Every structure is written in structure tokens, then in C-alpha cells.
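Predicted model, so just to flag it, every value in this text is computed and none were measured. Every chain is numbered from 1 and lettered A, B, ... according to where its sequence line falls, protein lines coming before strand lines.
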Number of protein chains: 6
Amino acid sequence: MRVLLINPNITDSVSDLIRAEAKRSASPGTEIEVLTAPFGVAYIETRFEALVGAYATAQVAAEHCHQADAVVVAAFGDPGLTGLRELLPVPVTGMTEAALASAHLLGHRFSIIAISQRIQAWYREVVESYGFGDRLASIRALDRPLSSIGGVQEEHAQALKDLAERAVAEDGAEVLILAGAPLAGLARSLQGQLPVPVVDGVSSAVRHAETLAALKPGRARRGSFALPPAKPHRGLPDAIARLLDSPRA
Amino acid sequence: MRVLLINPNITDSVSDLIRAEAKRSASPGTEIEVLTAPFGVAYIETRFEALVGAYATAQVAAEHCHQADAVVVAAFGDPGLTGLRELLPVPVTGMTEAALASAHLLGHRFSIIAISQRIQAWYREVVESYGFGDRLASIRALDRPLSSIGGVQEEHAQALKDLAERAVAEDGAEVLILAGAPLAGLARSLQGQLPVPVVDGVSSAVRHAETLAALKPGRARRGSFALPPAKPHRGLPDAIARLLDSPRA
Amino acid sequence: MRVLLINPNITDSVSDLIRAEAKRSASPGTEIEVLTAPFGVAYIETRFEALVGAYATAQVAAEHCHQADAVVVAAFGDPGLTGLRELLPVPVTGMTEAALASAHLLGHRFSIIAISQRIQAWYREVVESYGFGDRLASIRALDRPLSSIGGVQEEHAQALKDLAERAVAEDGAEVLILAGAPLAGLARSLQGQLPVPVVDGVSSAVRHAETLAALKPGRARRGSFALPPAKPHRGLPDAIARLLDSPRA
Amino acid sequence: MRVLLINPNITDSVSDLIRAEAKRSASPGTEIEVLTAPFGVAYIETRFEALVGAYATAQVAAEHCHQADAVVVAAFGDPGLTGLRELLPVPVTGMTEAALASAHLLGHRFSIIAISQRIQAWYREVVESYGFGDRLASIRALDRPLSSIGGVQEEHAQALKDLAERAVAEDGAEVLILAGAPLAGLARSLQGQLPVPVVDGVSSAVRHAETLAALKPGRARRGSFALPPAKPHRGLPDAIARLLDSPRA
Amino acid sequence: MRVLLINPNITDSVSDLIRAEAKRSASPGTEIEVLTAPFGVAYIETRFEALVGAYATAQVAAEHCHQADAVVVAAFGDPGLTGLRELLPVPVTGMTEAALASAHLLGHRFSIIAISQRIQAWYREVVESYGFGDRLASIRALDRPLSSIGGVQEEHAQALKDLAERAVAEDGAEVLILAGAPLAGLARSLQGQLPVPVVDGVSSAVRHAETLAALKPGRARRGSFALPPAKPHRGLPDAIARLLDSPRA
Amino acid sequence: MRVLLINPNITDSVSDLIRAEAKRSASPGTEIEVLTAPFGVAYIETRFEALVGAYATAQVAAEHCHQADAVVVAAFGDPGLTGLRELLPVPVTGMTEAALASAHLLGHRFSIIAISQRIQAWYREVVESYGFGDRLASIRALDRPLSSIGGVQEEHAQALKDLAERAVAEDGAEVLILAGAPLAGLARSLQGQLPVPVVDGVSSAVRHAETLAALKPGRARRGSFALPPAKPHRGLPDAIARLLDSPRA
């Protein structure tokens with residue numbers, strides 16, 4: 001089985017973190033590929049940056065999905081995910097969606113630990129769009145500048161752990177989600193150090209992608225996740241155009 | 001005052017409908033400009049098409065916003081709207097958001113009359129994302145193929161009126177929203193023929209954009225609608241890059 | 001165009017504040033009239049006071065609506081608004097409803113800055129009745145006695161600004177609503193001093209009333225906002241009785 | 001113990017139905033008094049009529065509450081109830097609120113059987129304002145003209161029973177509420193004929209009013225149900241004025 | 001009339017508190033019986049303990065319901081209540097459900113004062129399962145060890161009162177619920193000392209059980225609260241088996 | 001890895017269906033064990049039957065969890081699941097919870113296809129308790145008697161498929177959940193025959209249980225899913241007692 005993870009931002013060091021944790025998490029026999037967005041911003045914290053990341057991810061996904069059994073949008077916030085679910089011929093999930101699925105299996109109310117103040121509003125909207133708003137105990141975020149986006153989990157290890165502990169003690173979190181690709185792997189390295197189950201987006205996404213590929217639930221041929229209706233288009237990247245023009249079931 | 005409307009799909013005949021209704025609706029002294037997306041699909045009905053339309057709209061908006069006092073995303077579903085609200089230095093609204101504001105001022109529960117079956121799931125998600133889910137009495141949609149997207153309101157006039165009447169009689173709609181740029185102007189031509197108030201997205205958007213430009217509520221310098229934090233980026237259209245790099249307040 | 005604003009409390013100095021801001025906000029050519037409730041209380045903070053204000057407003061509205069193109073219930077909390085929407089032959093809006101419409105066009109989550117502790121529960125219920133409960137970041141209110149209801153915005157200028165800033169910094173407000181007719185005009189005088197867009201109820205109501213009058217969406221002849229069914233009544237003020245007895249469409 | 005029921009509409013035959021069912025439902029030793037609104041409409045079906053009924057009820061309640069241990073607003077829809085809870089020195093409940101309390105104790109999802117089409121939107125808003133919207137399976141209503149408001153339960157007995165049965169079979173109602181003072185007593189006369197528990201507003205209100213009077217939970221001296229803050233007023237009925245001016249605890 | 005209260009935990013001193021308050025609260029002529037679970041834990045604070053308490057309560061209820069006109073599950077959290085409503089031939093309520101009914105009749109937003117930190121999550125889920133989540137202002141709980149479960153209200157009287165006062169002042173509670181059978185009677189002994197109405201689960205349950213028995217709303221013969229469909233079973237206590245096998249209406 | 005599935009009802013033929021599908025779904029190297037409740041009913045359709053099934057499942061789980069890496073409550077409706085999550089030292093999931101996790105990864109709105117009319121209300125409450133109520137498009141159920149619970153998927157194959165198709169066409173289901181252990185494996189045998197992705201509870205539960213065991217998110221030592229506080233108990237099965245008495249972390 002082959003799982004393709006697409007980093008919607010342009011930072012290679014983040015792709016490296018994603019790749020490392022994806023490989024540690026994958027089942028035996030699963031091949032991991034990580035690709036990086038060809039354009040966009042260094043780190044996605046806002047609705048506008050997600051809009052850009054969504055389009056960049058769509059281009060990469062359209063070009064490379066044929067060699068994959070499942071695709072992962074590898075940024076918390078899942079830029080473009082629901083659109084890609086219409087377009088791609090294979091299952092697709094995202095780091096937020098997958099982390100929520102894991103958290104849902106471990107407890108009722110969860111907190112999200114994030115790496116910037118600004119990112120919180122966007123995360124909240126994404127969580128609410130999935131219908132998980134009532135289960136969100138809190139979002140807590142670092143409030144200091146990050147020297148390097150790829151090094152945030154080392155630089156701020158203690159601060160992140162403190163946020164997690166306060167989410168449990170003060171907000172009633174029953175599960176913790178360490179959010180954002182720059183934190184990929186942190187849940188694993190904190191194993192046993194936090195008082196409630198801890199969820200990581202990358203490992204959740206890889207495992208759930210494997211599950212979807214294994215269970216073969218079938219692709220939508222009707223309803224709102226079927227391929228968009230055939231229609232004229234103009235100026236789209238070839239790979240996207242080909243998928244839009246592919247025959248309907 | 002100058003209001004710029006951007007049609008996120010590539011169909012010029014739809015831009016013409018938008019322009020005509022926008023001019024009929026504008027206050028004396030308001031100048032209307034309508035631009036069409038340079039790439040994308042003929043008509044946006046799905047999440048993926050909205051993802052594409054959002055990026056195309058962002059490019060047009062970034063290039064042309066400096067000559068406008070307010071910007072309107074002129075497709076029902078508002079592709080890219082909340083992202084653009086972060087990016088642009090002027091107020092921006094969308095056809096769905098504006099139609100909801102009008103409906104909110106006219107009654108409690110509203111129905112949306114739409115031009116395709118497929119479009120309904122996406123519309124519902126957009127309405128829910130604005131928090132108006134509990135006020136949505138129903139979405140009713142044409143269930144027949146459209147010969148031409150620009151001619152839908154003439155071709156299907158009676159069917160659309162029938163849907164509207166059923167929404168009032170069977171779903172408890174207290175207000176009707178005729179949705180989609182291809183229906184721009186239909187509310188006006190049906191004036192007096194439907195038993196509850198009727199809302200049009202284009203005229204609502206133009207009027208509410210004028211209001212925002214007139215009231216000058218101020219631009220966000222903090223919070224999640226401020227300009228995204230300055231950071232490295234790559235491969236973005238110049239106009240977008242310039243806005244992202246503009247000085248923070 | 002003529003917009004009639006009715007102050008549901010008995011305080012003339014508040015009517016003066018309303019009139020001044022309404023005139024500043026109106027479009028060229030719009031005539032503003034402000035009337036004051038003939039009976040009731042000095043300032044409406046509670047459900048019972050709103051019950052009284054609703055009946056007083058209904059009497060004034062019934063008597064004077066025929067000379068107006070739109071009516072505004074000029075107290076935050078909108079006493080009697082949804083009832084008047086059934087009764088009056090012209091569009092009617094209220095300060096809360098209109099402020100929410102503006103806030104909805106400017107951001108997702110908003111805070112309300114209010115002038116008394118007691119008023120908060122009633123405001124919250126009104127916001128929730130419009131379906132905006134999930135978008136309400138917080139209500140923050142002055143906690144000191146007011147020497148004069150007409151002078152509150154000068155007397156407590158700094159305290160009000162502090163509340164607004166805390167709502168942004170601590171509650172995640174993306175938009176601020178300065179609530180209550182006694183604060184009419186404060187948003188305008190604070191222009192540029194607060195870090196997110198600021199909404200005023202009076203100016204929003206005037207502008208949205210103009211929009212409704214201009215767009216002519218039609219009056220409800222069916223559904224729950226049509227005139228109440230004809231039926232016997234007794235002891236009602238003449239103007240109300242005449243409206244209830246007017247011919248059904 | 002003495003329970004005062006106030007009929008917010010002007011129809012004496014409805015007051016008679018209320019009185020008869022209240023007496024049948026009361027505990028031994030409870031005295032029942034029923035008063036009729038001195039002004040208003042023959043039957044309350046809309047928001048505006050409720051606004052009128054609220055003010056009329058407030059006048060009656062203010063005048064007569066001192067001889068009662070508890071007060072009941074005896075119209076479904078509870079005109080003025082939450083306002084009166086602030087004003088009156090004794091517990092006050094309403095037919096809708098009390099019927100919901102009973103339904104809550106008997107099952108999860110309930111349907112309301114009502115006597116007019118128009119009344120449904122208002123009922124729904126009242127139910128939602130109490131937070132019971134998610135438990136409302138349906139509202140079903142007669143769709144024919146009523147010859148006399150006091151005779152509706154005899155004239156339409158079979159139609160009402162049919163609506164009730166369809167609510168169980170088609171809408172999943174686990175409890176039925178027969179709504180509106182004109183149906184007072186119908187639940188009792190249908191005893192054993194419907195397949196799920198049946199709730200009546202008058203008997204529920206009488207019994208719950210007795211419970212509140214017996215348990216003596218205490219009157220609010222703080223919070224939003226305390227007496228409104230003392231302040232100037234003008235033109236209010238004496239009894240209301242006296243209550244507003246009474247000493248604060 | 002005979003009301004049977006079943007204490008789902010094994011602590012006799014708690015049963016004594018329940019019995020005392022039930023007797024003080026009952027109407028003249030109502031006989032009170034309190035039984036204690038034959039197996040289980042000393043005090044129910046968690047979902048698992050509630051699971052055990054539910055089964056123990058079901059055994060007691062099945063054996064003894066035939067001598068009762070109504071049954072009360074006498075633990076806050078209502079272990080097994082909705083299941084027992086299907087099984088038993090008489091009305092059944094629980095302390096949480098009944099306290100919520102009382103709170104609903106006294107104000108809009110309520111706080112729960114509880115005796116342990118751990119108990120809060122379970123209480124919140126129960127309140128939400130009844131649809132009262134939006135009316136819950138807060139849960140506040142003791143944060144110290146309890147020397148004896150039967151003596152908690154004396155040992156921690158001041159701390160409990162402090163929690164109640166903070167719920168009013170800081171959380172906007174309009175009604176207070178003193179939760180948990182170990183606090184039975186505390187509302188009565190604090191009468192007049194708290195600034196908003198105070199609700200007790202035992203007295204509410206007794207009074208509401210009397211109301212249900214008196215109003216005779218009828219037992220469900222259809223829908224989800226009817227007796228479970230007849231089917232094979234094995235290994236169940238005789239009394240439960242007999243009820244499951246009793247003839248369907 | 002070893003996954004233990006516990007069938008909370010007493011029907012061995014259902015356990016056989018569960019075992020067969022679990023083995024087909026498990027990853028290479030996962031060992032499957034299925035145990036059947038020692039007491040209870042033939043098929044769980046109601047809240048009371050779930051109460052019984054929960055206690056029976058708890059006994060089996062407590063006795064056998066030490067030989068398992070993860071436990072599955074193998075009945076749709078998840079009797080006892082959240083309680084067991086507190087008690088057991090290994091991850092535990094249930095068929096409904098796991099099916100919802102899969103559906104969440106495949107689309108937004110889902111329908112549940114069930115095997116009896118009666119079961120629908122209970123299923124709806126369970127789905128709502130997980131916070132998925134707004135994503136539930138519909139529950140559709142067989143409305144005919146079942147000759148044998150183990151043979152329902154063959155006997156009613158066409159009727160089940162018809163229900164599924166109507167859920168897509170009429171209710172807007174984007175994903176289908178075939179609910180109930182008696183339908184275990186049906187999703188697999190209908191592969192490719194339904195127009196949207198199809199989810200099976202058993203295979204979802206097995207795969208997600210494997211994921212939880214593999215990712216090792218950690219057991220709760222704080223918060224509401226930690227082991228219940230140590231306290232006296234009486235009359236509990238030994239295995240349960242030992243778990244309750246085991247040392248706290």
C-alpha cells in the first residue's frame with residue numbers, strides 16, 4: 001500500500017518532520033511518500049493562507065494521486081480536503097480530520113495545542129465545520145515568536161507540555177491533540193508524560209488512510225462527493241483538467 | 001463610491017447578469033465594475049470548484065482592489081470570501097453572506113431556491129458555516145439539465161417560481177433567497193408574485209457593500225481577520241505577494 | 001425616503017443621541033424622524049421592561065408608520081420587533097438585529113459592549129433568539145452606576161474602550177458591537193482607536209432600513225410574518241385596531 | 001394554596017375551559033382563580049398578538065398577584081412569562097413552559113398538536129427559546145377554520161386525534177402535547193385512547209405551580225430574574241408601578 | 001399515593017438523607033419508601049459506576065414497582081432512568097431530570113453545585129443528553145476529599161455555599177441545583193441564604209413523581225418508551241424477566 | 001496483536017457473523033477473539049436492553065481484557081462503552097463509535113440502515129451523544145418481522161439495499177452505515193453496488209482498535225476517563241472488583 005502525504009506549505013523541514021513520523025507510524029508494508037507544495041507560504045495559520053495551500057495541494061494531488069492508494073493533506077486545518085474528496089479517485093484525509101477521528105475514539109472532550117495565537121480562530125472554524133465544536137474543550141497556543149518553523153517542537157518543548165497540562169487541569173480535556181505538522185512526532189516523544197491520551201495528526205492520518213484503503217468502502221458515484229458534473233473549464237493545470245474530464249461512473 | 005464584483009466562474013454571460021442587476025441595485029453615485037475569473041469552471045456547484053474559484057477570485061481581487069471601495073465575491077457560496085477578508089484593504093462581502101444578512105432582516109426562517117441538485121450540499125455547508133443552519137427552512141433546486149447557464153432564469157422561470165411557492169407552503173419559509181449569480185435579477189422580475197419577501201444575492205451584496213464602505217467600521221489590525229502574519233512565501237502572483245508583504249498597522 | 005426611529009424608553013436625551021447618529025449615518029435624501037415612547041421606563045435592561053417598551057413602541061409605530069418608508073425599533077434588544085414585522089405595512093428593523101447583520105458582514109465572532117451588568121442576560125437571549133448564539137464571543141458590561149443615561153458615553157468613555165480591548169484580546173472578538181442607544185455615535189468617535197471593526201446599532205439600523213426600503217423585497221402575505229388573521233379584539237389603541245382590521249392581500 | 005391563572009386573550013369561554021380543567025387538576029386544598037385579559041384579541045396565534053397579550057397579562061398579574069401563591073400565564077406560548085418572572089413576588093409559570101416540563105419527565109421527543117396553521121411558527125420559536133428545539137419531533141395543526149374558539153375541541157375532536165396519531169407514527173413523538181387553552185381538558189377526555197403519554201398545558205401548569213409554591217425555592221435577589229433595577233418610569237398602570245418601586249431585597 | 005425511591009449506591013446513610021428529605025417534601029397522603037441498591041459502589045461519580053448502579057436499580061425497581069404509584073431513581077445522574085421508563089408499568093423519574101424540570105420553571109440558566117471534581121464530566125453529559133446543555137451556566141464542585149459521604153453537607157457547608165455564590169456572581173446562574181443525594185435537604189436548610197432560587201433533586205423528584213401519578217398521562221404503548229419487543233432472554237433476575245414477558249397492550 | 005470483541009447479546013449466530021467479518025477485516029498478524037454475553041436478550045433494540053447488555057459486557061470485559069490489546073463492544077449502540085473506557089487498561093471502542101469515525105473520514109452526512117423500527121430512537125440518541133447529530137441525514141429501518149436474527153441480512157437483502165438507495169436519493173446521505181452486528185459483512189458483500197461509500201461497524205471497530213493499540217496514545221490517569229476513584233464497593237463480580245481496586249497511576 002502506498003500513502004501520499006502532501007505538505008500544503010513550502011517548508012521542506014516541515015515535510016521532513018511529516019515524513020519521519022509517517023514512516024514511524026505506518027503499518028509494515030506501507031510505503032510513504034511526502035511531497036511539498038510548489039508555491040504558497042512558509043506556514044499556514046489563516047483562512048487566506050489555507051485558500052492558497054488548498055490550490056497548491058490540489059495541483060500536487062491531481063498529478064500524483066494515481067500512484068497512491070490514499071492521499072493525506074498534511075497540514076492541520078486540512079486545506080482543500082473536502083474539495084479533493086470530490087476530485088480524487090482514492091480516499092483522502094487530512095491531519096485535523098484524522099486527529100478528530102482518533103480523539104473521538106479515546107474520549108469525549110479534547111483540547112488542541114497549537115503553535116501560534118493567530119492559528120486558533122481558523123482551527124476552531126475547521127473543527128466546527130466537522131461538527132466537533134461541542135466536543136472541543138479548548139485551543140491553547142504558544143504566544144511567542146518561532147525562530148524556525150521546523151524547530152518549534154524542540155525550541156518550545158516545555159511550553160507545549162505546560163499548555164497541554166493546563167488544558168487537562170483547567171479546561172477538562174480528556175484527550176489532547178498536538179496540532180500542526182511542525183509538531184509531528186511530539187506526541188510520540190511525550191509518551192507517558194501527559195495525564196490523558198495524546199493524538200498526533202500525521203500518525204492518525206497515515207493509519208486512518210490505511211484503514212480506508214483496506215476497507216474499500218467504495219467511491220461516491222452519487223451525492224455531493226461524486227466527481228463534479230462535467231462542464232467547460234479553462235486555464236486549469238492539466239492533471240486537474242484530466243480528472244475533471246474523466247468518465248463518470 | 002466604487003464597488004468591484006468578481007465573478008469566480010469563467011462565464012461572461014453570467015457576469016453580464018451580475019452587472020445588470022448590480023447597476024439596477026446600486027445607490028446613485030455608486031460605480032459598478034464586474035470582472036470575470038481568468039481560469040476555472042463554467043459554473044460552481046461543488047466544494048472542489050469553489051476551491052478553484054477561490055484562488056482565481058483572489059488573484060483578481062488582489063490586482064484590482066485598490067481601485068475599489070468594496071469588493072463582492074459574486075457567486076453564491078462565496079468562494080474565498082473569508083480568506084479575502086484577511087487579505088484585502090477594503091470591505092469584502094459575498095452573495096450568500098449578503099443574502100443571509102437581508103433574509104435575517106426580513107424574517108426568521110428562509111428557503112434557498114437553487115439551480116441544480118448537486119449544488120445543495122455545498123450551499124448547506126456554507127449556510128451552516130455562517131451559523132445560519134437553524135434558520136434554513138429548506139433548499140429546493142431544479143432537477144433538470146440547464147441548456148445554458150446564462151439563460152436559466154428565462155428557461156426555467158415557472159419551475160423556479162413553483163419551487164419558491166412550495167418552500168413557503170410546505171417548508172415554512174418566511175423569506176425566499178433566489179440563489180446563484182445566474183438568477184441575478186429574478187427577484188426583481190418576480191416582484192409581487194411571491195407570497196413572502198424575496199432576496200437576491202447580487203443586489204443584497206451591492207447594497208451591503210455600500211453600507212460597509214459608508215459606515216467605515218475600521219479594518220482589523222488584531223484578531224483573525226487582520227492581514228496574515230508576515231512570513232516567507234514563494235510562487236504567488238505579484239499582486240497577492242504585495243498585499244501579503246504590505247506593512248502591518 | 002423617510003425612516004422613522006422609535007425610542008422604546010421615555011428618555012428624551014437618548015432620543016437626541018439616536019437622532020444625531022441617525023442623521024450622520026443616513027444616505028443623502030433620507031429623512032430621519034425620531035419619536036419617544038409615551039410611557040415606560042427610563043432605560044430598558046430587562047425582559048419585563050422590554051415587554052412594556054414593546055407595547056409602547058407598537059402604539060407609536062401604528063400611529064406613525066404611514067408616513068414612513070421603514071421603521072426602526074431604536075433600543076438594543078429590539079423590544080416588539082418581530083411582532084411589529086407582522087403588523088406594519090413597511091419594513092421594520094431593530095438596533096440589535098441590524099448590528100448583528102453588520103457584524104455578520106465583517107467577521108465571524110463578535111462581542112457586545114454594554115452599559116450595565118443586568119442587561120447582559122437579556123441581550124444574550126435576544127442574540128440567541130436570532131440564531132447568533134454561536135458567534136457571540138462575549139458580552140462585557142460596565143459595572144458601575146450611571147449618573148445619567150444620556151451621558152454614559154462621555155462619563156465612561158475609557159472604561160468602555162477598555163472593555164472593548166479586552167473583548168478582542170481575551171475573548172477572541174473579531175468585531176465589536178457597542179450596544180444600546182445611549183452609546184449611539186460612540187463607534188464613530190472611536191474610529192481608528194480599536195483594533196477590530198466596530199459596529200453601532202443606530203447607524204446599522206438606518207442603513208439597513210434604507211436598503212430594505214430600496215430593494216423592495218415585498219411584504220409577507222403568507223407565512224408567519226403576514227398580518228395576523230382577522231379576528232375580534234377589544235380595547236386596543238385605534239391605530240393598532242385599524243392595522244389589524246385592514247384588508248388582507 | 002391559591003393559584004391565579006390569567007387568560008391573556010379576551011374570550012370568556014376559553015377562561016371557562018381553563019377554570020374547569022384547573023379545578024379538576026388541582027390538589028385538594030388548592031384554590032383556583034381565573035381572570036381574563038381586559039383588552040386584546042380573541043385568540044393569540046402570532047408574535048404581535050402575544051406582545052399585546054403580554055402587556056394585558058402584566059396588568060392583571062400586577063393587580064392580583066398579592067392574593068395568590070403562584071401565577072399561571074394561561075395561554076400556550078406564555079405571553080409575557082419571562083418578564084413577569086422578574087416582576088412578581090410569587091412563582092409564575094406558563095402553559096408551554098409547564099407542558100414542556102411534563103413532557104420532559106415522560107419521554108425525549110414530543111409533538112405539539114395545535115389548533116391553527118398560523119400558530120405553528122410562533123410556538124416553534126417559543127419552544128426553541130426554552131432550549132427544547134432538539135426535542136421537538138413536530139408541530140401538527142388543524143388546517144380548517146374554527147367556528148368558535150371555545151368549541152374547537154368538540155368540533156374537531158376526531159381531526160385532533162388523527163393529528164396526534166400521525167405525530168406518533170410518522171414523526172417519532174414519544175409524548176404528545178395538546179396545545180392551547182382552547183384544548184384544556186382534551187388530554188383528560190382522550191385518556192387511554194392515544195398510544196403515548198399525553199400532556200395538557202393547564203393541568204401541568206397548575207400542578208407545577210403548586211410544586212413551586214410548596215418547595216419554596218426562594219425568589220431571585222440577584223441575577224437577571226431579580227426585580228428590575230429601580231429607575232424613573234412614566235405612564236404605567238399603578239399596580240405595575242408599585243411593584244417596580246417596591247423595596248429591593 | 002406511594003412513591004418508591006431507589007438509591008443506586010450501597011450507602012445506607014445516603015438512603016437516610018434521601019428518606020428524610022423525601023418525607024419533608026411529599027404532599028399530605030403520599031407514602032415514601034426508600035430502598036438501597038444491593039450491590040455497587042459507595043458513591044457514583046463516573047460512567048462506569050453509573051452502569052453498575054443502573055443494573056442494580058433495575059433489579060430493585062422490577063421487584064418493587066408493583067407496590068408503587070411512581071418510582072424515583074435517587075441519584076443525581078439518573079443511572080438507568082431512560083431504560084426503566086421502558087420497563088416499568090408506573091411513571092419513573094430521576095433526581096437530575098426532576099431538578100432540571102424545576103430549574104426550567106424558575107429561570108433560564110442554572111449552575112450545578114457538586115461534591116467532587118470527578119463527577120463533573122458525567123453530570124455534564126447527562127445534562128446534555130436531556131438537551132439542557134445550552135442552559136447550563138456552569139458546574140462547580142468541591143475539590144477536597146470527603147471524610148464520609150453521608151456527612152458531606154455538614155462537613156463542607158460553607159464551601160458549598162461559596163461555590164453557589166460564585167456560580168451566581170461569576171457564571172450568571174439564575175437558578176442553583178444542589179446536586180447529588182448526599183446533599184438532599186441542603187437547599188431547604190439554606191433557604192433564604194442564597195441570592196437565586198435553589199433546587200434540590202430529591203424534593204423535585206418526589207413532587208414531580210406525584211404530579212405524574214396524579215395527571216395520569218398514560219403509558220407508552222407505541223414508540224421508543226413502550227415495553228421492549230418480546231424476545232428470548234437468558235439469565236435475567238426473575239422480576240425483570242416477568243416484566244419483559246408481560247403482555248403488550 | 002489481539003483484539004477481543006464482546007457481543008452484548010446472547011445470540012451465538014450473531015457472534016459468528018461478528019467473528020467472520022472481524023477476521024476478514026483484521027490486519028495480518030491480528031488475532032481475533034469473540035465472546036458472547038452470558039446473560040441478556042436475543043437482540044438489543046432499546047435503552048433497557050442496552051442497560052442489561054452493558055452490565056453483561058462489563059463482566060466479560062473485566063474477565064478477559066488482560067489477554068487483549070484492545071476491546072470492542074460488538075453491538076451497534078455501544079452498550080457500556082464509555083463506562084468501560086474508564087475501567088479497562090486497554091483501548092476500547094464500539095461498533096457505532098467506530099462506524100462514525102469511518103463515516104467522518106468519508107463524507108459529511110451519513111444515513112444509518114437498521115433492522116428494526118424500534119431500534120431507531122435509541123440509535124439516534126447514541127449518535128447524538130457522540131455529537132454527530134447534525135451529520136445524521138437519516139435512519140431508515142426494516143419494518144417487517146425478522147424470522148431469525150442471524151439470518152436477517154440474507155432474508156432482507158433487497159429491502160436493505162432499497163433503504164440504502166433511498167437514503168442517498170431522498171435524504172442526502174453521502175455515506176451509508178449498515179448498522180447492527182446482524183448486518184456484519186453486508187457492506188463487503190454489497191461492494192460496488194451502492195452509489196456512495198458504505199461503512200460496516202465490525203470492520204471499522206477492528207481496524208480502529210488496531211490503530212489505537214498501535215499508536216499507543218496513552219491511558220487516562222487524570223480527567224473523566226481515568227479509573228474511577230478508589231472507594232468501597234459490594235457484590236461486584238471479582239474481575240470488576242479487581243480492576244476497581246487496582247493501583248492508580
Measure from the side-chain N and O atoms of E:T11 to the backbone N and O of E:A42, and report whether any donor-acceptor pair falls under 3.5 Å.
-> yes
Interface moiety of E:I119 toward chain F, non-hydrogen atoms closer than 4.5 Å = neither
Compare all side-chain heavy atoms of E:I139 with those of E:R124 and state whether any distance is below 4.5 angstrom.
-> yes
Tell me, for E:L244 versus chain F, whether the close heavy atoms (under 4.5 Å) come from the side chain, the backbone, both or neither.
-> side chain
Contact winner vs chain F - E:Y43, E:Y55, E:F39, heavy-atom pairs under 4.5 Å | E:Y55
Per-residue contact mode, F:E86 against chain E (heavy atom under 4.5 angstrom) = side chain
Heaviest contributor of heavy-atom pairs below 4.5 Å to chain F, chosen from E:A226, E:A241, E:G80, is E:A226
Name the member of E:L84, E:I149, E:V52, E:N9 that forms the most heavy-atom pairs with chain F at distances under 4.5 Å.
-> E:V52
Against chain E, label F:P79 side chain, backbone, both or neither, depending on which of its atoms sit under 4.5 Å from a heavy atom there.
-> neither
Backbone N/O of E:P228 and side chain of F:E45: donor-acceptor pair under 3.5 Å = no
Backbone N or O of E:S224 within a donor-acceptor pair of the F:R47 side chain at under 3.5 Å?
-> yes
Highest number of heavy-atom pairs under 4.5 Å with chain E among F:G235, F:G40, F:P38, F:A121 belongs to F:G40
Which region of E:L81, side chain (C-beta onward) or backbone (N, CA, C, O), has a non-hydrogen atom less than 4.5 Å from a non-hydrogen atom of chain F, or is it both or neither?
-> neither
With a 4.5 angstrom heavy-atom cut-off, could you sort out which part of F:L227 is near chain E: side chain, backbone, both or neither?
-> backbone
So how far is it from E:Q120 CD to E:R140 CZ, rounded to the nearest 0.5 Å?
-> 9.5 Å
Whether E:E154 side chain and E:G151 backbone form a donor-acceptor pair below 3.5 Å = no
Hey, which of E:A58, E:A50, E:A54, E:S116 has the most heavy atom pairs under 4.5 Å with chain F?
-> E:A54
Judged by atom type as modelled, is there a donor-acceptor pair below 3.5 Å linking the side chain of E:R222 to the main-chain atoms of E:A220?
-> no
Residues E:S129 and F:S129: side-chain donor-acceptor under 3.5 angstrom = no
